[in-house]
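In this text the structure is predicted, and so the values were computed from the model without any measurement.
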Amino acid sequence: MKKFLLFIGVLAAATFATNEASAQIKVGEGQLSVALESNNTYYTPDKTLEEAGLIKPEERVRGDFGSNDYLKVDYRLGRFSAGVQIDGYLPGLYGYDQYTYQQRDSKLTAFFTKYVQWEDQNWGVRLGDIYDQFGNGLIFRTYEDRNLGFNNALAGARAFYNFNNMVNVKVLAGLPRLYDIRTTNPVWGADLALSISEMAGWYDGMISIEGSYVGRYQKDAHVDFPIVGEEDLAYMAQGIDHDVLHMVSGRANFEYKGFSFRGEYVQKLNEDVYNPALDAAKGNVINIDLGYNYKRFSASASFRRQEGMTTYADMRMQAIGGGNTINYIPLLTRQHTYSLANLNPYMGASVHTGGEIGGQIDLYYSLRNPKARGKYWNFHANFSMFNTIDHHNKMYNIKAEGRNVWIDFNFDVERQWSKKLKTTFLYSFQRWDQAITKYDNPESHYCRSHIFVGDVTYKFNKKHSIRVEAQYLASNEYEGDWVAGTIEYNFAPKFSFYVSDMWNCEKMIDGQYGNYYITNPDTQEGEHKLLHYYQVGASFTHNSLRAQLSYGRNRAGYVCSGGVCRFQPAYTGVNLSLTLSF
């Protein structure tokens with residue numbers, strides 16, 4: 001608790017310090033910029049969650065306080081720039097892989113990333129930690145996402161050259177970050193992009209072709225792993241016979257008069273272990289994105305088929321969370337912002353079944369009256385669906401046929417009635433196969449839910465507004481019906497206050513899939529736990545400072561960002577987040 005009070009004091013000091021804060025500080029002939037982000041939680045006891053088995057205090061070896069902190073300092077002088085970032089986990093918050101899979105014994109850890117860079121208009125060189133991607137990232141991507149606790153920066157070198165916007169060449173090499181260490185497995189690659197439209201002098205649209213190569217070396221990667229025989233269950237040797245993984249990709253892009261096409265194919269040229277069950281395959285991905293827009297109408301569609309394409313930074317640590325990857329395969333589903341619509345997000349099937357095929361379609365239309373600028377209608381519809389593919393698990397010698405594992409059909413209507421009143425209505429039908437989380441499970445257990453959301457915002461004047469949100473989820477499977485509500489009051493531009501609750505409100509008959517169905521070990525009688533997940537909080541914004549303080553009970557579930565998710569265990573506590581830049 002003393003640590004948490006210390007952060008409250010830091011917050012108060014920072015508030016006064018930013019009264020005259022500017023975006024940058026001039027140092028000599030250059031500019032210095034500093035950014036701080038601190039996310040803290042003080043975990044409080046909750047007997048209700050403990051009785052439901054959702055909290056196990058004995059597993060919290062780090063105590064009742066967690067803090068994920070990031071300090072970034074950059075200096076720029078002309079075309080030269082340099083920077084350093086310090087990630088501190090003091091100790092790390094629960095639910096982040098950064099602490100769960102860390103390679104050090106200390107509860108308090110820190111990690112440094114740094115770089116020096118020179119960039120001209122046509123060429124550039126960077127030494128240090130590299131964030132980059134080839135194409136859509138399906139073959140290679142290094143990036144940071146603090147909401148997920150994810151950072152797989154490549155420590156090494158990168159160089160690029162651009163010839164008259166016609167030819168772009170990029171090469172890089174380095175060692176990936178794996179939570180709080182660097183792996184000893186070098187990764188290298190090259191990317192080439194040719195602009196056909198620039199070469200032809202055609203400026204009404206865009207045509208380009210691109211290609212990439214990525215390699216990964218791991219000493220003694222040629223491991224053997226057992227395969228269960230069909231008849232006598234004897235173990236046979238099967239594994240990887242090489243230390244170097246080679247991957248290639250090809251891409252084509254086209255844009256003309258509101259229409260766009262982007263296609264990519266990625267192939268692993270030799271077998272690679274791609275899931276915690278030690279399956280191996282020559283993975284591949286085909287990804288197609290289509291788009292069209294005309295005036296107030298726009299449409300987009302994404303299709304993807306992938307098989308065995310998770311690429312580990314260290315293939316002998318297959319089960320080490322989402323941070324052990326060097327490529328990026330996001331979920332092609334709508335990323336809902338309302339809590340009940342995001343209660344059970346699609347988590348992907350490829351890790352468990354070898355691969356998946358599917359995609360999503362988005363349609364947008366805006367209806368506006370030019371004579372009434374303060375009034376409009378926005379319509380949006382989305383549909384996503386994914387199936388598994390036929391798969392043979394070599395490890396357990398199990399064959400599974402492809403089946404549907406996810407459907408989400410949703411639409412929302414936004415109406416601006418006047419300058420003061422705006423309403424939003426959302427409906428979502430979701431169906432998912434809960435059995436997909438079990439490796440190569442040939443059985444299916446479908447869960448269905450209907451989600452209804454109403455959202456109303458009313459502005460009293462330029463500074464005062466109120467937002468009221470009501471949600472309802474109806475389901476006869478899994479955890480039954482849920483209701484949720486939020487009231488938010490804003491004092492622009494500095495203060496905002498809110499209170500919310502999410503309640504599991506229906507007892508289920510099926511104990512296996514019911515909502516926190518607890519069996520008393522003495523009487524063997526069952527009991528349902530219908531839980532309220534309440535929240536109360538406030539935020540403050542002033543210049544470059546933003547602080548948010550909240551208290552409440554948080555449901556166990558998945559937190560998603562950019563199509564990638566992490567599991568957040570249930571907890572009750574006080575949360576303080578702070579961002580500051582100058």
Side-chain angles (χ1 to χ4, degrees), residues 3-4 6-7 10-11 14 32-43 61-63 65-75 81-117 126-133 141-156 158 174-185 187 313-314 317 320-326 328 544-548 559 561-562 564-568 575-582:
K3 293 181 180 179
F4 189 75
L6 175 62
F7 275 94
V10 172
L11 169 61
L32 181 72
S33 60
V34 181
L36 169 68
E37 179 177 336
S38 182
N39 301 291
N40 313 275
T41 299
Y42 176 71
Y43 301 95
V61 296
R62 287 165 286 163
F65 178 77
S67 181
N68 292 2
D69 304 279
Y70 311 91
L71 176 63
K72 192 173 189 297
V73 181
D74 294 281
Y75 180 75
S81 61
V84 62
Q85 178 173 308
I86 306 172
D87 299 359
Y89 305 93
L90 310 171
L93 295 169
Y94 291 99
Y96 287 81
D97 288 347
Q98 171 65 44
Y99 181 85
T100 305
Y101 297 113
Q102 72 176 37
Q103 305 299 302
R104 306 173 190 174
D105 294 330
S106 174
K107 296 179 182 179
L108 308 180
T109 60
F111 196 94
F112 290 80
T113 55
K114 56 276 182 189
Y115 75 93
V116 293
Q117 179 174 276
R126 180 179 175 117
L127 302 176
D129 289 279
I130 300 163
Y131 299 99
D132 209 330
Q133 73 178 52
R141 186 188 190 195
T142 54
Y143 68 108
E144 177 189 34
D145 192 315
R146 296 174 182 176
N147 193 41
L148 300 175
F150 188 96
N151 190 327
N152 64 340
L154 198 70
R158 179 190 65 190
L175 300 177
R177 172 178 171 178
L178 181 58
Y179 301 115
D180 61 341
I181 64 169
R182 290 285 177 194
T183 71
T184 57
N185 309 319
V187 173
D314 191 325
M317 299 182 179
I320 297 193
N324 186 18
T325 57
I326 60 172
Y328 174 70
S544 57
L545 168 71
R546 187 179 189 278
Q548 181 168 327
V559 177
S561 176
V564 180
C565 302
R566 67 171 175 85
F567 180 76
Q568 174 64 59
N575 308 285
L576 171 65
S577 64
L578 168 69
T579 58
L580 173 64
S581 61
F582 54 89

Check your understanding: Looking at side-chain heavy atoms only, is the closest gap between F111 and I181 below 4.5 Å?
Key -> no
Point to revise | Side chain to side chain, D69 and N39, heavy atoms closer than 4.5 Å | key: no
Can you list the residues that meet the side chain to side chain contact (heavy atoms under 4.5 Å, CB included) rule with [X], with sequence neighbours excluded?
| X | result |
| --- | --- |
| I130 | R126, D132, L154, R158 |
| T183 | P176, L178, N185, A313 |
| T184 | none |
| D74 | S33, K72, Y115 |

Approximate separation, where rounding is to 0.5 Å, of [X] [atom1] and [Y] [atom2]:
| X | Y | atom1 | atom2 | value |
| --- | --- | --- | --- | --- |
| E37 | L580 | CD | CG | 11.0 Å |
| L148 | C565 | CG | SG | 7.5 Å |
| L576 | T41 | CG | OG1 | 9.0 Å |

With sequence neighbours excluded, what pairs up with [X] under the side-chain hydrogen bond (donor to acceptor under 3.5 Å, both in side chains) test?
| X | result |
| --- | --- |
| N147 | none |
| D87 | Q85, R177 |
| Y89 | none |
| Y143 | none |

Practice item. Dump the intermediate steps for side-chain hydrogen bond (donor to acceptor under 3.5 Å, both in side chains) on N151 and Y131, then the final yes or no. Key: CA-CA 9 Å; N151 190 327; Y131 299 99; 3.0 Å; yes
Is a donor from one side chain sitting under 3.5 angstrom from an acceptor on the other, for [X] and [Y]?
| X | Y | result |
| --- | --- | --- |
| N40 | S38 | yes |
| S561 | D145 | yes |
| R566 | Y96 | yes |

Taking every non-hydrogen atom, the tightest pair across [X] and [Y]:
| X | Y | result |
| --- | --- | --- |
| N68 | P91 | OD1-O, 4.4 Å |
| I326 | N152 | CA-ND2, 4.0 Å |
| T109 | L90 | O-CD2, 4.4 Å |

**Study point:** Working for ring pair (Phe, Tyr, Trp, His ring centres under 6.0 Å), residues Y43 and F65
**Key:** CA-CA 6 Å; Y43 301 95; F65 178 77; 8.4 Å; no
Check your understanding: Can you check whether A153's main-chain N or O pairs, donor with acceptor, with T142's side chain at less than 3.5 Å?
Key -> no
